[in-house]
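Below is one structure, written out as structure tokens; the observations come after it.
Keep in mind the model is a prediction, meaning the values are calculated, not measured.
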Amino acid sequence: AVFFVYTKAIGGTLTPAKAFTAIMYFDIIRQPFISLPMNLIGLLQARVSVSRVVDYLCAKNMDPVEAPTPGNLAEDQQNSVAVHIRGGRFSYPEDPISVQKAKEKKEAEAKAAAAKAAKAAAGGAAAPNGDAAAPDAAAADAAAAPGDVQVDVASGAGAGAGA
């Protein structure tokens, strides 16, 4: 295709020296073009990794951990417990996709409620379920609302893992 464009479109004369030189140059630039997609993927993965490390390093510090008491150490040794969590608190950050979906769901429910209220006001009739459905909807929204998922482990409540 390149030789056709060179001879017909540009009007150049194709000699063996020009042809073999062009083939050699095409062979030289072939490998970088083959590896370009893999290099771009590696670059994107490195960017994601760096952003995760930056997020980790910039995160706020956790509360200081209480030192184990001699009684707790003795209990752990007696029960052959390698890891024992007392009063642990674990949380996971909000998922942005879940937050957006919950926001869209609330907006859709608000529009549906407004349309239902407008229809009821125009018809002069009360809604079939009345106000009894509102607390159930609020409870469902509260249950489905995304947020930090937290697990609190009560002190000494069998949270250890046997070794």
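Applying the side-chain contact (heavy atoms from CB on, under 4.5 Å) test to Leu44 and every residue at least two apart in sequence or in another chain returns nothing. Evaluation of the side-chain contact (heavy atoms from CB on, under 4.5 Å) rule for Val54 yields Val50, Cys58 as partners, not counting sequence neighbours. Shown here are the side-chain contact (heavy atoms from CB on, under 4.5 Å) partners of Ala19, two or more places apart in sequence or in another chain: Phe3, Leu14. In this structure, the side-chain contact (heavy atoms from CB on, under 4.5 Å) partners of Leu57, at least two apart in sequence or on a different chain, are Val53. Checked against side-chain hydrogen bond (donor to acceptor under 3.5 Å, both in side chains), Glu107 has no partners two or more places apart in sequence or in another chain.
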**OP:** Starting from the C-alpha separation in whole Å, work towards a yes-or-no answer on side-chain contact (heavy atoms from CB on, under 4.5 Å) for Lys101 and Lys105.
**Re:** CA-CA 6 Å; Lys101 285 182 180 180; Lys105 181 180 176 184; over 6 Å; no

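By the neighbour-count criterion of 12 heavy atoms within 6.0 Å, atom CD1 of Ile29 is densely surrounded, having more than that number from other residues, nucleotides or ligands.
Each salt bridge (Lys or Arg N to Asp or Glu O under 4.0 Å) pair with one or both residues in residues 39-51, not counting sequence neighbours, would appear here, but there are none. Applying the salt bridge (Lys or Arg N to Asp or Glu O under 4.0 Å) test to pairs two or more places apart or on separate chains, those with a residue in residues 28-43 are Asp27-Arg30. The side-chain hydrogen bond (donor to acceptor under 3.5 Å, both in side chains) contacts involving residues 4-25 comprise Tyr6-Lys18, where partners must be two or more places apart or lie in separate chains.
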Please tabulate, one pair per line, all N/O donor-acceptor pairs under 3.5 Å involving side-chain atoms of residues 33-42, not counting sequence neighbours.
{"from": "Ser35", "atom 1": "OG", "to": "Gln31", "atom 2": "O", "distance (Å)": "3.2"}
{"from": "Ser35", "atom 1": "OG", "to": "Pro32", "atom 2": "O", "distance (Å)": "3.3"}
{"from": "Asn39", "atom 1": "ND2", "to": "Ser35", "atom 2": "O", "distance (Å)": "3.3"}

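Atom NZ of residue Lys119 and atom NZ of residue Lys116 lie 9.5 Å apart, to the nearest 0.5 angstrom.
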